[in-house]
Amino acid sequence: MLKVYNTLNNKKEKFETVESGKVKMYVCGLTVQNYSHIGHIRSAINYDVIRRYLEYLGYDVDYISNFTDINEKIVKRAEEEDMSPEKLANKYANAFLEDIRAFNIKAADKYLRVSENIDEIIEMVSTLIGKGYAYEMNGDVYFSVESFDDYGKLSGRSIEDMQAGARIAVNEDKKNPLDFALWKKVDEGEGWESPWGEGWPGWHIECSAMSMKRLGPSFDIHGGGVDLIFPHHENEIAQSEAYSGKQFAKYWLHNGTVNLSGEKMSKSLGNFFTSREVLKEFSGQVVRYFLLTRHYRSPIDFSYEKLEEAKTSLDRLINTRRQLAEVLSYDIKSAEVSEDDERFFAKISEVQSDFKDALDDDFNTAGGIGVLHDFAGCINSYINRNDFSLNEKNFSILEEAEEIFLELAEILGLEFSIDKSEIKSSDLAPQLIDLLINLREDARKNKDWDKADLIRDKLMEMGIEVKDTPRGAEWQIIKKEEN
RNA sequence: CCAUCCAUAGUAUAAUGGUAGUGCGAAGGAUUGCAAAUCCUAAGGUGUUGGUUCAAUUCCAACUGGGUGGUCCA
């Protein structure tokens, strides 16, 4: 049974969807003002895994995210890059979509853009004014926090508490310093027409208007980084529930920050790694694996050293998958089933449920990876033992093991592809490589180590690694980006 | 100051009211012509203090230390 930690109550709760069999989720995307950094990617990967797992469980998932393409930062950056704000926003939205592919993140079913939903936003603001939750002041519209009884329920604070610790500058136009803008006045020619004059939507209103437009007033999951709990998500709840009179999102999920020597990676602090620079050093798969070795709600410390370790660790899983595929290509020697076989068979059936138990517990990917490693160890020790031979029974069991191994990895978005297949476009290459391997085998039989090593070394230079296993020589293409 | 989360071997991470697992690293061994990969073996751990309990690493409280938020943020 799936349990998720809900920030709304600070508890793990049983997961029950609003509509049976369907999950509607909205994940706060980013302001498209620059290239994405690892913090953004962690969030995207996290919700990608959540989505994949929900789909694995059989839910029909509608996964929605957004691009904030209107605000001061974008205008400022557009000036710096000497292009229109629209063009800049587009450029970085497209860059993000490219980036997520490198990390094997599935695209959202829909990315909503503020600039395309102005009408809905204006309608929502008008309604809030009509219901007495908001007021207009010199072309700005503010939401009155005191008018909404539940204000503070997500971040667990009362209005009084917040006022005491507030760092916010006092604004004369606001009735209460905590009131937030739903609509902001801008100079002529720079904004959108509205009943309150020309202006822009406030930061929080977009997510409310767009999520409700697509998913309805009540939906299942609303996700984002912990740094959005207050004020962003708190304000979203206030304005959405004030607007609809219904519960907004049922489960509020928040991923932890990516830190750099203990401090949050962020644009404003300037201590960030962009996805693109990291991808020059490590594959998206390694980064993904690394980020998933920590529970999503906890902060994670980022460094290249840790990515290096993650790569070694991930390679172990990939090697297992390769050996499994290799073994399954052998001829069956219908030998008898031994005790070792039986023990191995029993193990396989445990793996799936162990993995599911981990993910059921608030999407514990770190635990899931542990199960995968445990599984890999079993497979390795089984197929590498000296008296291993393929019989009819264990062939089908190993096939099943391979299938399960890949299926579980797939939930985490990890794909252990076999490199030989990647060069199948030219059928000649594998044949040529096999020829060289055979020549090397002959050399080895004659103890002509110089020639044998020469072939191995030269192949290595070309990016083809040769390994002599108890089963004979095996080769694989080494991806350049991983070296 | 307030809110909230966290504290596990050298390191990074899981789990659990009763025997604390996994990866990386380091040690020894097996395998190998040498490698690579893999396996086996052993080593090594629950921040401090108190409480609840037959039993606490787990639950509770305080403390200490850290993260995040209280301002733009994923």
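Below, chains carry the letters A, B, ... as their sequence lines are ordered, and counting in each starts from 1.
Atom C1' of A43(B) sits at a distance of 34 Å from the matching atom of C5(B), rounded to the whole Å. A27(B) and A36(B) are spaced 14 Å apart, taking the P atom of each and rounding to whole Å. Comparing the same atom, C1', in A7(B) and in C63(B) gives a spacing of 13 Å after rounding to whole Å. Rounded to whole Å, the C1' atom of G17(B) lies 29 Å from the corresponding atom of U11(B). G66(B) and U8(B): their P atoms are spaced 14 Å apart (whole Å). Nucleotides G29(B) and G45(B), compared at atom P, are 24 Å apart to the nearest Å. Taking atom C1' in both U64(B) and U71(B), one finds a spacing of 29 Å when rounded to whole Å.
Between N380(A) and C39(B) there is a side-chain polar atom (N or O) within less than 4.0 angstrom of OP1 or OP2. Note on R294(A): a side-chain N or O is less than 4.0 Å away from OP1 or OP2 of U13(B). Regarding contacts with the backbone of G69(B), a side-chain N or O of K264(A) is found under 4.0 angstrom from either OP1 or OP2. Contact annotation: R444(A) side-chain N/O to G33(B) OP1/OP2 distance is not under 4.0 Å. For the OP1/OP2 pair of U38(B) and a distance below 4.0 Å, the side-chain nitrogens and oxygens of N319(A) include at least one atom meeting the criterion. The side chain of R77(A) places no N or O atom within less than 4.0 Å of a non-bridging phosphate oxygen (OP1 or OP2) of C72(B). Checking the phosphate oxygens (OP1, OP2) of C5(B), a side-chain nitrogen or oxygen of Y5(A) falls inside 4.0 Å. Of the side-chain N and O atoms in H373(A), none sit less than 4.0 angstrom from OP1 or OP2 of U22(B).
When each of G23(B), A74(B), C34(B) is scored by its nearest atom to the side-chain atoms of D453(A), the top-ranked nucleotide is C34(B). Distances from the side chain of R157(A) to the nucleotides G69(B), A74(B), U38(B) place G69(B) closest. Side-chain proximity of W449(A) to G33(B), C72(B), U68(B): nearest is G33(B). Minimum atom distance to the side chain of H295(A) is reached by A14(B), of the listed C5(B), G23(B), A14(B). Looking at the side chain of E465(A), the nearest of the listed nucleotides G67(B), A36(B), G70(B) is A36(B). Side-chain proximity of N364(A) to A74(B), A36(B), A14(B): nearest is A14(B). Nearest nucleotide to the T469(A) side chain, out of A35(B), C24(B), A36(B): A36(B). Side chain of L30(A), nearest nucleotide from A74(B), C24(B), A36(B): A74(B). Side-chain proximity of D161(A) to the nucleotides G67(B), C2(B), A74(B) is greatest for C2(B).
Each of L269(A) and T320(A) has a nearest nucleotide on RNA chain B; the 5'-most of these lies closest to T320(A). The nearest heavy atom of RNA chain B to S266(A) and to C378(A) marks one nucleotide each, and the one closer to the 5' end goes with C378(A).
Stacking of the aromatic ring of F230(A) onto the base of G70(B) is not found under the criterion of centres within 5.5 Å and planes under 30°.
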Run F405(A) and F416(A) through ring-ring contact (aromatic ring centres under 6.0 Å, His included) and show every step you take. CA-CA 9 Å; F405(A) 194 61; F416(A) 306 144; 5.6 Å; yes
Show your working on ring-ring contact (aromatic ring centres under 6.0 Å, His included) between F375(A) and F355(A) and close with a plain yes or no. CA-CA 10 Å; F375(A) 193 24; F355(A) 186 89; 10.0 Å; no
Under the criterion ring-ring contact (aromatic ring centres under 6.0 Å, His included), I'd like the reasoning laid out for F219(A) against F248(A): C-alpha separation, chi angles, the key distance, then a yes or no. CA-CA 7 Å; F219(A) 53 93; F248(A) 186 44; 5.1 Å; yes
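If you check every strand for non-hydrogen atoms under 4.0 Å, G29(A) touches sugar and phosphate atoms only. Using a 4.0 Å heavy-atom distance criterion, G39(A) is classed as a base contact. At a threshold of 4.0 angstrom between heavy atoms, the contacts of K467(A) include nucleobase atoms, whether or not backbone atoms are also involved. Residue V258(A) is classed as a base contact, given a heavy-atom separation below 4.0 Å to a base. If you check every strand for non-hydrogen atoms under 4.0 Å, R42(A) touches nothing. If you check every strand for non-hydrogen atoms under 4.0 Å, V371(A) touches nothing. Within the 4.0 angstrom heavy-atom criterion, no nucleotide atom of any strand lies near E72(A). Residue contacts for T257(A): at a heavy-atom cut-off of 4.0 Å it reaches a base atom on one of the strands shown. As judged by a 4.0 angstrom heavy-atom cut-off over every strand, N10(A) is placed among residues touching the sugar-phosphate backbone only.
Contact of S313(A) with C24(B) (side chain to base): no donor-acceptor pair of N or O atoms is detected under 3.5 Å. Below the 3.5 angstrom threshold, one finds no donor paired with an acceptor across the side chain of R322(A) and the base of A37(B). Residue-to-nucleotide contacts include a donor-acceptor pair under 3.5 Å from the side chain of D468(A) to the base of C34(B). One cannot find a donor-acceptor pair under 3.5 Å joining the base of G67(B) and the side-chain atoms of D227(A).
H254(A) has its ring centre less than 6.0 Å from the ring centre of H233(A).
Nucleotide A7(B) forms a Watson-Crick or G-U wobble pair with U64(B), both donor-acceptor distances falling under 3.5 Å.
One atom, CG of N259(A), and another, P of C5(B), lie 18 Å apart when rounded to the nearest Å. At whole-Å resolution of the value, CD in E234(A) and P in C2(B) are 20 Å apart. For the pair R297(A) CZ and G66(B) C1', the interatomic distance rounds to 17 Å; values are reported in whole Å.
The existence of a salt bridge linking R214(A) and D109(A) is excluded, since no basic side-chain nitrogen approaches an acidic carboxylate oxygen closer than 4.0 Å. The pair K3(A)-E13(A) fails the salt-bridge criterion, with no side-chain N (NZ, NE, NH1 or NH2) lying under 4.0 Å from an Asp/Glu carboxylate O. A salt bridge links K91(A) to E81(A): one of the charged nitrogens lies within less than 4.0 Å of a carboxylate oxygen.
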With a 3.5 Å cut-off and sequence neighbours excluded, list the donor-acceptor pairs that the side chains of residues 456-463 of chain A form with protein atoms.
none

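Side-chain atoms of D360(A) and F15(A), non-hydrogen and from C-beta on, never get closer than 4.5 Å to each other.
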